[in-house]
Undergrad: 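Could you have a look at this structure, given as structure tokens, before my questions?
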Protein chains: 2
Amino acid sequence: MKDSNDLKKAGLKATLPRLKILGILENAKTRHMTAEDVYKSMLASGEEAGLATVYRVLTQFEAAGLVIRHNFEGGRAVFEMNQGHHHDHMVCVECNKVFEFNDPAIEDRQRRVAEKAGFVMEEHSLHIYGMCDGMKKHGKCSKK
Amino acid sequence: MKDSNDLKKAGLKATLPRLKILGILENAKTRHMTAEDVYKSMLASGEEAGLATVYRVLTQFEAAGLVIRHNFEGGRAVFEMNQGHHHDHMVCVECNKVFEFNDPAIEDRQRRVAEKAGFVMEEHSLHIYGMCDGMKKHGKCSKK
DNA sequence: ATGTATGCAAAACATTTGCACCTGG
DNA sequence: CCAGGTGCAAATGTTTTGCATACAT
């Protein structure tokens with residue numbers, strides 16, 4: 001659970017908007033939110049806020065390693081708290097729900113592939129798009 | 001090697017801009033091009049062309065399965081001819097060069113992961129970002 | 001002919017930036 | 001107090017769309 005100390009460690013003043021955004025990302029039911037999602041959540045909780053600030057703060061948090069930005073298909077970026085352990089994502093094309101997973105075998109093979117190509121891997125992302133379980137079973141997902 | 005027949009099969013008239021774009025994508029030295037790349041290439045070969053048309057045609061080609069669109073990091077989409085066989089990508093963050101690879105073990109694990117989660121996979125993308133061999137060896141890549 | 005495509009300009013988005021005002025330490 | 005942060009509005013960059021004209025069949 002991050003707090004104002006983590007912000008200071010990152011060289012960022014513990015301002016109200018930043019603390020608020022941190023809280024939203026930590027307590028969100030959906031761990032993966034767009035900048036707009038965060039912005040709306042701030043407004044909803046009666047907070048003065050500008051969308052530009054949300055973007056600025058999220059970008060700073062990303063640089064500080066506090067959050068991770070993902071570019072899934074569909075144009076808008078989504079952000080999630082960085083929990084320290086790498087994982088990949090499955091995204092439901094029906095309800096947009098995001099599922100996390102980690103497969104050591106895949107991670108290992110990726111390392112090998114990069115190495116064999118003389119490639120210095122900095123980061124990697126694996127996205128699986130499809131239809132989630134809820135959609136299959138009930139004809140629709142939570143969101144749709 | 002696709003031609004006007006493939007366009008007709010896709011329900012698209014064999015117009016000059018479409019044939020030209022098809023040719024550019026097939027013969028490009030760099031298999032992965034942005035819409036702007038294609039547009040500039042058309043102008044360079046003395047073709048009347050609008051960027052909007054390039055986007056429209058590429059989108060139609062994608063829908064027809066003729067080309068594949070990728071959303072790498074960095075905002076702009078890149079397109080490549082669909083050669084029929086799925087592959088993943090390594091992108092050099094220095095020179096933007098794109099390398100293709102295919103690892104059966106990874107493909108297999110992905111299928112398993114999705115299956116175990118009750119997920120009906122429609123597509124998947126694996127992107128490795130890092131520094132390519134040329135960059136490591138010569139201090140710079142072709143493009144930079 | 002005639003339904004489609006095209007080019008241009010304007011619109012639509014997501015995201016970033018300039019700037020005057022505000023605020024945390 | 002004062003550097004850094006914020007909100008707002010305007011700018012940016014990419015992709016999409018409306019519309020009158022041009023083209024393939």
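Residue numbers begin at 1 in each chain, while the letters A, B, ... track the order of the sequences. Quantities reported herein were computed from a predicted structural model and do not represent experimental measurements.
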Undergrad: What range of DNA chain C does chain B touch, first nucleotide to last, counting atoms under 4.0 Å from its heavy atoms?
TA: dG3(C) to dA9(C)
Undergrad: Contact class for Ala35(B) vs. all strands (heavy atom < 4.0 Å): base, sugar-phosphate, or nothing?
TA: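 Answer is nothing: Ala35(B) stays at 4.0 Å or more from every strand.
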Undergrad: Quick one: bend of the helix from dA1(C)-dT25(D) to dG25(C)-dC1(D) from 5 pairs per end, to 10°?
TA: 30°
Undergrad: Are Leu25(B) and Leu51(B) joined in one hydrophobic group, where the rule is that I, L, V, M, F, W and Y side chains link up if heavy atoms are under 4.5 Å apart?
TA: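 In one cluster with Leu25(B): Leu51(B), yes.
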Undergrad: Listing request: all ring-ring contact (aromatic ring centres under 6.0 Å, His included) pairs with a residue in residues 18-68 of chain A, at least two apart in sequence or in separate chains.
TA: His32(A)-His89(A)
Undergrad: For residues Ala105(A) and Arg109(B), report the shortest heavy-atom separation together with the two atoms involved.
TA: CB-NE, 3.6 Å
Undergrad: Please list, in numerical order, the residues of residues 2-34 of chain A that have a heavy atom closer than 4.0 Å to any atom of DNA chain C.
TA: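 Contacts with DNA chain C under 4.0 Å: Lys8(A), Lys13(A), Ala14(A).
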Undergrad: Tell me if a side-chain donor or acceptor on Glu26(B) pairs with a main-chain N or O of Lys2(B) at a distance below 3.5 Å.
TA: yes
Undergrad: Does a side-chain N-to-carboxylate-O contact under 4.0 Å join Arg31(B) and Glu100(B)?
TA: yes
Undergrad: Do Met33(A) and Leu43(A) belong to the same hydrophobic cluster, where Ile, Leu, Val, Met, Phe, Trp and Tyr are linked whenever their side-chain heavy atoms lie under 4.5 Å apart, directly or via other members?
TA: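 Shared cluster, yes.
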Undergrad: Check Glu107(A) against His124(A) and note the closest heavy-atom contact, atom names and distance.
TA: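 Minimum heavy-atom separation between Glu107(A) and His124(A): OE1-NE2, 2.8 Å.
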Undergrad: For a quick test of reading the model, state the closest non-hydrogen atom pair linking Lys20(B) to Ser45(B) and the distance between them.
TA: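 Nearest heavy atoms, Lys20(B) then Ser45(B): CE-OG, 3.1 Å.
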Undergrad: Between Asp6(A) and Asp3(A) (side chain of the first, backbone of the second, donor and acceptor by atom type, cut-off under 3.5 Å), is there such a pair?
TA: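 The answer is yes, because a donor-acceptor pair under 3.5 Å joins these two groups.
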Undergrad: Taking the six-membered ring for Trp, are the ring centroids of Phe72(B) and His127(B) within less than 6.0 Å of each other?
TA: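 When the ring centroids of Phe72(B) and His127(B) are compared, they turn out to be within the sub-6.0 Å range.
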Undergrad: Taking the side chain from Asn82(A) and the backbone from Gly65(A), do they hold a donor-acceptor pair closer than 3.5 Å?
TA: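 Yes; at least one donor-acceptor contact below 3.5 Å.
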Undergrad: Looking at every strand, decide which applies to Glu48(A) at a 4.0 Å heavy-atom threshold: base, sugar-phosphate, or nothing.
TA: sugar-phosphate
Undergrad: Closer than 3.5 angstrom, by distance alone: can the side chain of His87(B) be matched with the main-chain N or O of His85(B) as a donor-acceptor pair?
TA: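 Checking the backbone N and O of His85(B) against the side chain of His87(B), a donor-acceptor pair under 3.5 Å is found.
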Undergrad: Which residues end up grouped with Met1(A) if you chain together Ile, Leu, Val, Met, Phe, Trp and Tyr wherever their side-chain heavy atoms are less than 4.5 Å apart?
TA: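 Traced through the cluster, Met1(A) reaches no other member.
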Undergrad: Which atom pairs link the protein and nucleotides 16-21 of chain D when you take only N or O atoms and keep those under 3.5 Å?
TA:
unit_1, atom_1, unit_2, atom_2, d
dG18(D), O6, Arg56(B), NH1, 3.3

